Protein chains: 2
Amino acid sequence: MEEFKLFDAEYKFMDIIWELEPINSTELTKVCLKKLGWKKSTTYTMIRKLAGRGILKNENATVVALVKREEVQKHDSEVLLKRTFNNSLPIFLATFLQDKKLSKQEAEEIKKMIEEATK
Amino acid sequence: MEEFKLFDAEYKFMDIIWELEPINSTELTKVCLKKLGWKKSTTYTMIRKLAGRGILKNENATVVALVKREEVQKHDSEVLLKRTFNNSLPIFLATFLQDKKLSKQEAEEIKKMIEEATK
DNA sequence: AGAAAAGGTTTATCACGATAAACCTGACTT
DNA sequence: AAGTCAGGTTTATCGTGATAAACCTTTTCT
């Protein structure tokens, strides 16, 4: 459960991996240098730390994610709702939708999902 | 915009203030000692930092919040949706609702809110 | 063979959020 | 007047996430 928590730098890094995986580690150091301004050793430090937590693996110089982007997103959402909205989706929506307008299409999509999630 | 970002300790602290405001500062140090285990100086440090950012004010030994809990909640929600879900509420919900069930009542409340937010 | 590049690890440094010790002033109390 | 307590500020310490310098081994290229 706790393993999905990513810090800011880790999240930016994983964003690159999710986009490009599987990716060669040397290639990854170049992308990180370009996109994040990181030195080679910084990238390898990140690889090692995240590998140790089971977030990704690095085998034969090939880096792949072990957790899906959606799992992390879901975890982050649950943390926010628990911490901030007492785990209530209606309270979250009431706050989030203040002064906001939805398009007709968005509204339809959402209502459909709500239907499907209702027992 | 950026001023609403609260770090973990700050958030816990503001939670107490939102609950008890207006509150005398000495009283507040006692509550923080009890609920958070903070020494007096820690509480005053927090007060000063948050006052400097316009989150609260301390006048005549009385502390009151200058931003409402809901403003911060809304800000946090928007940050999550932007950072994680490309600012799309449907994508957020699709992820969040995976494997979850809603009660009939929750579903009704949500649909009503969606209606109201649709132009 | 010798140089260069790939593919790393070890060990630090740095920034900053979290927490607090020590100190100060003024009002009230005995 | 001496002590106590309210109401703070100044200045540190500490933990840890973010970043990297220095070093090492193995493979590849000339």
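Given the structure is predicted, the values throughout are model-derived calculations rather than measurements. Per chain, numbering begins at 1; letters A, B, ... match sequence-line order. Heavy-atom basis, side chains included; hydrogens, waters and symmetry copies ignored.
- Distance A:Ile23 CD1 to C:dG8 C1': 16 Å, rounded to the nearest Å.
- At whole-Å resolution of the value, CG in B:Leu36 and C1' in C:dA18 are 12 Å apart.
- When distances are taken from the side chain of B:Lys39 to each of D:dA21, C:dA21, D:dA18, the shortest belongs to C:dA21.
- Candidate nucleotides C:dA20, D:dG8, D:dA20 were compared by shortest atom distance to the side chain of A:Trp38, and D:dA20 ranks first.
- Not a single donor-acceptor contact under 3.5 angstrom links the side-chain atoms of A:Thr42 to the base of D:dA18.
- Separating the CD atom of A:Glu10 from the P atom of D:dG17 is a distance of 8 Å, rounded to the nearest angstrom.
- Comparing A:Lys49 and B:Lys40 against DNA chain D, the residue whose closest nucleotide sits nearer the 5' end is B:Lys40.
- For B:Ala61, counting side-chain heavy atoms from C-beta on, the closest listed nucleotide (D:dG7, C:dG17, C:dA6) is D:dG7.
- Contact annotation: the side chain of B:Glu70 approaches that of A:Gln98 to within less than 4.5 Å [non-hydrogen atoms, C-beta and beyond].
- The shortest distance between the side-chain N/O atoms of B:Arg48 and the OP1/OP2 oxygens of D:dT9 is below 4.0 Å.
- Across the protein-nucleic acid pair, B:Ile47 atom CD1 and C:dA20 atom C1' stand 15 Å apart, rounded to whole Å.
- The shortest distance between the side-chain N/O atoms of B:Thr26 and the OP1/OP2 oxygens of D:dC5 is not below 4.0 Å.
- The base of D:dA20 lies close enough to the side chain of A:Thr45 for a donor and an acceptor atom to sit less than 3.5 Å apart.
- Whole-Å rounding puts the A:Phe7 CZ to C:dG17 C1' distance at 12 Å.
- Side-chain proximity of A:Ala9 to C:dG8, C:dA22, D:dT19: nearest is D:dT19.
- Of the inter-residue distances, the one linking A:Glu106 atom CD with A:Lys101 atom NZ reads 12.5 Å to the nearest 0.5 angstrom.
- For A:Leu33 and C:dA5, the CG to P distance is 16 Å, given to the nearest whole Å.
- A:Ser41 comes within contact range of at least one nucleobase, with a heavy-atom separation under 4.0 Å.
- Using a 4.0 Å cut-off between a side-chain N of Lys or Arg and a carboxylate O of Asp or Glu, A:Glu10 and A:Lys5 do not qualify as a salt bridge.
- Atoms CE (A:Met14) and P (D:dA18) sit 14 Å apart, rounded to a whole Å.
- One can place CG of A:Leu28 at 12 Å from C1' of C:dG7, the figure rounded to the nearest angstrom.
- Residues B:Asn24 and B:Thr62 form no side-chain contact, since every pair of their non-hydrogen atoms from C-beta on lies 4.5 Å or further apart.
- Remark: B:Asn24 is not in phosphate contact with D:dA6, judged by side-chain N or O atoms under 4.0 Å from OP1 or OP2.
- In this structure, B:Lys100 satisfies the cation-pi test against B:Phe96, with its NZ or CZ atom closer than 6.0 Å to the six-membered ring centre and inside 45 degrees of the ring normal.
- The nucleotide whose nearest atom lies closest to any side-chain atom of A:Tyr44 is, among C:dG7, D:dG8, D:dA20, C:dG7.
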